[in-house]
Amino acid sequence: QVQLVESGGGLVQAGGSLRLSCAASGRTASNYARGWFRQAPGKEREFVAAISWGGSTYYADSVKGRFTISRDDAKMTVYLGMLSLEPEDTAEYYCAAGVQPSPYPGSYEFWGQGTQVTVSS
């Protein structure tokens with residue numbers, strides 16, 4: 001079992017920055033690929049970024065160049081740095097853990113409860 005807890009969300013003006021954190025616990029937590037997804041009300045969950053066990057990173061086109069995913073294996077924590085935020089980035093952000101990085105939510109076994117990011121215009 002892997003437990004995931006997100007933090008770092010909040011309200012920010014357009015053009016601002018936030019860094020989200022997702023702390024993992026569990027004996028085998030470091031063996032999993034990690035991903036970030038977001039979901040706005042009435043919308044399906046959308047891929048944002050992923051990082052493999054070995055550190056390879058993947059990004060949705062909509063956030064490439066603005067967001068950075070990273071991990072600290074000593075802390076079993078994955079981060080999502082977000083720059084130049086836009087109102088379109090407003091959503092509940094979820095971290096996930098799975099066997100391999102993937103843009104598909106169904107590929108991940110474990111999910112956090114989410115943290116809200118709101119970007120005002």
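Note that the structure is predicted; figures quoted are calculated from it, not measured.
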Is it true that a side-chain atom of Thr115 and a backbone atom of Gly9 form a donor plus acceptor pair closer than 3.5 Å?
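Checking the backbone N and O of Gly9 against the side chain of Thr115, a donor-acceptor pair under 3.5 Å is found.
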Looking at every heavy atom in both [X] and [Y], which two are closest together, and how far apart are they?
{"X": "Asp89", "Y": "Arg66", "result": "OD2-NH1, 2.9 Å"}
{"X": "Thr77", "Y": "Ser21", "result": "CG2-CB, 4.3 Å"}
{"X": "Arg34", "Y": "Ile69", "result": "O-CD1, 4.1 Å"}
{"X": "Leu4", "Y": "Cys22", "result": "CB-SG, 3.8 Å"}
{"X": "Ala33", "Y": "Ser52", "result": "CB-CA, 4.1 Å"}
{"X": "Ala14", "Y": "Ser121", "result": "CB-CA, 4.4 Å"}

Pairwise side-chain contact, [X] with [Y], heavy-atom cut-off 4.5 Å (strictly under):
{"X": "Arg38", "Y": "Val63", "value": "yes"}
{"X": "Trp36", "Y": "Glu6", "value": "yes"}
{"X": "Glu88", "Y": "Ser62", "value": "no"}
{"X": "Tyr59", "Y": "Asp61", "value": "no"}
{"X": "Pro105", "Y": "Phe47", "value": "no"}
{"X": "Val117", "Y": "Met82", "value": "yes"}
{"X": "Val48", "Y": "Leu80", "value": "yes"}

Side chains of Ser25 and Gln3: do they bring a donor and an acceptor to under 3.5 Å?
yes
So, do Phe110 and Tyr32 have ring centers that fall under 6.0 Å from each other?
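They qualify: ring centres under 6.0 Å apart.
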Transitively linked via ILVMFWY side-chain contacts under 4.5 Å: [X] with [Y]?
{"X": "Leu20", "Y": "Val12", "answer": "yes"}
{"X": "Ile51", "Y": "Met76", "answer": "no"}
{"X": "Val2", "Y": "Val78", "answer": "no"}

Nearest 0.5 angstrom please: Phe67 CZ to Ser17 OG, how far?
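So the CZ of Phe67 and the OG of Ser17 are separated by 9.5 Å.
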Could you give the distance from CD (Gln116) to CD (Glu92), rounded to the nearest 0.5 Å?
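It comes to 5.0 Å.
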Tell me, yes or no, whether the heavy-atom count around Gln100 atom CD, taken from other residues, nucleotides or ligands under 6.0 Å, exceeds 12.
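No.
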More than 12 heavy atoms of other residues, nucleotides or ligands under 6.0 Å from CH2 of Trp111: is that the case?
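Counting neighbours around CH2 of Trp111, more than 12 heavy atoms of other residues, nucleotides or ligands fall under 6.0 Å, so yes.
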Cation over ring, Arg45 on Tyr94, under 6.0 Å and within 45°?
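Positive - Arg45 is close enough to the ring of Tyr94 and near enough to its axis.
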Please say whether the positively charged group of Arg19, taken as NZ for Lys or CZ for Arg, lies over the ring of Tyr79, i.e. under 6.0 angstrom from the six-membered ring centre and within 45 degrees of the axis.
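Arg19 over Tyr79 ring: yes.
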What verdict does the ring pair (Phe, Tyr, Trp, His ring centres under 6.0 Å) test give for Tyr108 and Phe37, after you've listed the backbone C-alpha separation in whole Å, the side-chain angles of each residue and the deciding distance to 0.1 Å?
CA-CA 11 Å; Tyr108 294 85; Phe37 292 77; 5.3 Å; yes
Any ion pair linking Asp73 and Arg71 (charged N to carboxylate O, less than 4.0 Å)?
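Counted as a salt bridge, because a side-chain N and a carboxylate O are separated by less than 4.0 Å.
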